[in-house]
Engineer: 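The structure under discussion is supplied below as structure tokens; questions concerning it will follow.
We number each residue from 1, following the sequence as shown.
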Amino acid sequence: MRSLAIAIGLTLAAAPAFAADPVEGDWLTQDKGGKVHIAACPGRADRLCGTTSWVKDPSKVLDAKNPNAALRSKPLLGQQVMRDFKPAGPGRWTGGKIYDPKTGKTYNSKLTAAANGTLKVEGCVLMVCQAQTWTRD
């Protein structure tokens, strides 16, 4: 049994490391007012989520525009603002939702990593989409 455990350990140690998707990591929003950390969703390795990791303006520390009044005193830091993005190809994710704490609204969204190292973040209502360009932090 011990030799089986050693063999499994050696196999895992020799396995190639999988590169993270170019969308994953820390991103500075277009207005440079916040940073979002994008990674696998908790409990869903096949989906991407994003959490607020930094807010420039201390007056925007709380989720004051949340449509649920009970959540308006909740801190923005650490809050999940992106969820359920599904892979659509290398550096492309669709079918997700993005929450805008400035308005308290949630939009359908998609993400695309650009060749220049930026991230195109699109929020859509019906068939109308608006895009932002986020940069690496």
Engineer: Which distance, rounded to the nearest 0.5 Å, do you find between the OG1 of T135 and the CG of L28?
Structural biologist: 4.5 Å
Engineer: Does any non-hydrogen side-chain atom of R44 lie less than 4.5 Å from one of C49?
Structural biologist: no
Engineer: Which distance, rounded to the nearest 0.5 Å, do you find between the SG of C41 and the CD of Q80?
Structural biologist: 6.0 Å
Engineer: Below 4.5 Å, heavy atoms only, C-beta onward: do T103 and K65 meet side chain to side chain?
Structural biologist: no
Engineer: Any side-chain donor-acceptor pair under 3.5 Å between D26 and W54?
Structural biologist: no
Engineer: When rounded to the nearest 0.5 angstrom, what is the spacing between CG in D31 and CG in D57?
Structural biologist: 10.5 Å
Engineer: Would you indicate whether the side-chain heavy atoms of R83 and T106 approach each other to under 4.5 Å?
Structural biologist: yes
Engineer: Is there side-chain contact between S53 and W27, with at least one heavy-atom pair below 4.5 Å?
Structural biologist: no
Engineer: Mind checking whether M82 and L111 have side chains closer than 4.5 Å, heavy atoms only?
Structural biologist: yes
Engineer: Can you tell me if S109 uses its side chain to pair, donor with acceptor, with the backbone of I98 under 3.5 Å?
Structural biologist: no
Engineer: Same hydrophobic cluster for I38 and Y107, using side-chain heavy-atom links shorter than 4.5 Å among ILVMFWY?
Structural biologist: yes
Engineer: Answer whether the closest heavy-atom distance between the side chains of K74 and L62 falls below 4.5 Å.
Structural biologist: no
Engineer: Yes or no on side-chain contact (heavy atoms from CB on, under 4.5 Å) for L119 and V23, after CA distance, side-chain angles and deciding distance?
Structural biologist: CA-CA 7 Å; L119 180 66; V23 168; 3.9 Å; yes
Engineer: Is it possible for you to say whether W134 and V55 belong to one hydrophobic cluster, with membership spreading through side-chain heavy-atom contacts below 4.5 Å?
Structural biologist: no
Engineer: For residues K86 and R47, determine if any side-chain heavy atom of one lies less than 4.5 Å from a side-chain heavy atom of the other.
Structural biologist: yes
Engineer: Has the side chain of T51 got a donor or acceptor atom that lies under 3.5 Å from a matching backbone atom of Q79?
Structural biologist: no
Engineer: Is there a donor-acceptor pair closer than 3.5 Å between any side-chain N or O of R72 and the backbone N or O of N66?
Structural biologist: yes
Engineer: What pair of heavy atoms forms the shortest contact from A40 to L48, and how long is it?
Structural biologist: N-CD2, 3.7 Å
Engineer: Measure the OG1-NZ distance between T94 and K110 for me, rounded to the nearest 0.5 Å.
Structural biologist: 8.0 Å
Engineer: Please determine if K102 and D100 form a salt bridge, counting it only when a charged side-chain N lies under 4.0 Å from a carboxylate O.
Structural biologist: no
Engineer: Could you give me the CA-CA distance, side-chain angles and deciding distance for T29 and K35, then say whether side-chain contact (heavy atoms from CB on, under 4.5 Å) is met?
Structural biologist: CA-CA 6 Å; T29 59; K35 294 179 188 175; over 6 Å; no
Engineer: Do side-chain atoms of Q30 reach the backbone of T133 as a donor and acceptor pair under 3.5 angstrom?
Structural biologist: yes
Engineer: If you take all heavy atoms of E122 and A131, which pair is closest and at what distance?
Structural biologist: CG-CB, 3.7 Å
Engineer: Grab the two heavy atoms, one from G104 and one from P67, that are nearest each other, plus how far apart they are.
Structural biologist: O-CD, 3.1 Å
Engineer: Is it possible for you to say whether L126 and Y99 belong to one hydrophobic cluster, with membership spreading through side-chain heavy-atom contacts below 4.5 Å?
Structural biologist: yes
